[in-house]
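Remarks on the structure that follows.
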Amino acid sequence: MKIITLHKRIDPEELREHIRANLDRMFWKQRDEEIHFTIEGSDDLIEISQPDLYEGPLFTINVKGAELNITRSEHYTDDVNALTVESILNELFFDLAGKYGTDLLQEG
């Protein structure tokens, strides 16, 4: 699990919509491959999946105030698509953090 802090409270629905609005486009640009990801969840939970290629969610994000607890599927840790999505998520988190930036609190 990886824990990132945004140094400000984040609205889970705002984060979910920010990911929905940007993930596919940014992925297509970086990988030159049109893969569509599904962004689901409710309340403080966000799940990112691609059911045509992967079983279960690639990433699960639990929003806890200013912290994001991110769990990556253990089955796809070295998968190039999953690594690309993780890189894009870091950019999207930084977008929402604005001037406050982000910090990695824990990874493992």
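Listed by chain and residue number, Arg31 satisfy the side chain to side chain donor-acceptor pair (under 3.5 Å) test with Glu33 (two or more places apart in sequence, or in another chain). Listed by chain and number, the residues in a side chain to side chain donor-acceptor pair (under 3.5 Å) with Gln30 are Glu91 (sequence neighbours excluded). The salt bridge (charged side-chain N to carboxylate O under 4.0 Å, His left out) search around Glu74 returns none, not counting sequence neighbours. Considering only residues two or more places apart in sequence or on other chains, Tyr76 meets the side chain to side chain donor-acceptor pair (under 3.5 Å) condition with none of them.
The shortest side-chain heavy-atom distance between Thr84 and Phe27 falls under the 4.5 Å cut-off. Ile61 places none of its side-chain heavy atoms less than 4.5 Å from the side chain of Leu45. With a 4.5 Å cut-off on side-chain heavy atoms, Asn90 and Lys2 count as touching.
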Which pairs would a plain distance check flag for residues 17-24, meaning a side-chain donor or acceptor within less than 3.5 Å of a matching protein atom at least two apart in sequence or in another chain?
unit_1 : atom_1 : unit_2 : atom_2 : d
Glu17  : OE2    : Arg20  : NH1    : 2.3
His18  : ND1    : Asn22  : ND2    : 3.4
His18  : NE2    : Asp95  : OD2    : 3.4
Arg20  : NE     : Ile39  : O      : 3.1
Arg20  : NH2    : Ile39  : O      : 2.9
Asn22  : OD1    : Arg25  : NH2    : 2.6
Asn22  : ND2    : His18  : O      : 2.8
Asp24  : OD1    : Phe37  : N      : 2.9
Asp24  : OD2    : His36  : ND1    : 2.4

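With rounding to the nearest 0.5 angstrom, the CG atom of Leu96 is 9.5 Å from the CG atom of Asp11.
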Inset, instruction - Please lay out, stage by stage, how His75 and Glu55 fare under the test side-chain contact (heavy atoms from CB on, under 4.5 Å). - result: CA-CA 9 Å; His75 302 294; Glu55 188 175 315; over 6 Å; no
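Of all heavy-atom pairs between Ser49 and Pro57, the closest is CB-CA, 3.9 Å. Taking all atoms of both residues into account, the shortest heavy-atom contact from Gln50 to Ile35 is CG-CG2, 3.4 Å. Considering every non-hydrogen atom in both Ile3 and Glu67, the closest pair reads CG2-OE1, 3.8 Å. Across Phe59 and Val85, no two heavy atoms sit closer than the pair CE1-CG1, 3.6 Å. Closest of all the heavy-atom pairs between Pro12 and Ile46 is O-CD1, 3.8 Å.
Screening residues 38-47 for side-chain hydrogen bond (donor to acceptor under 3.5 Å, both in side chains), with sequence neighbours left out, gives no hits.
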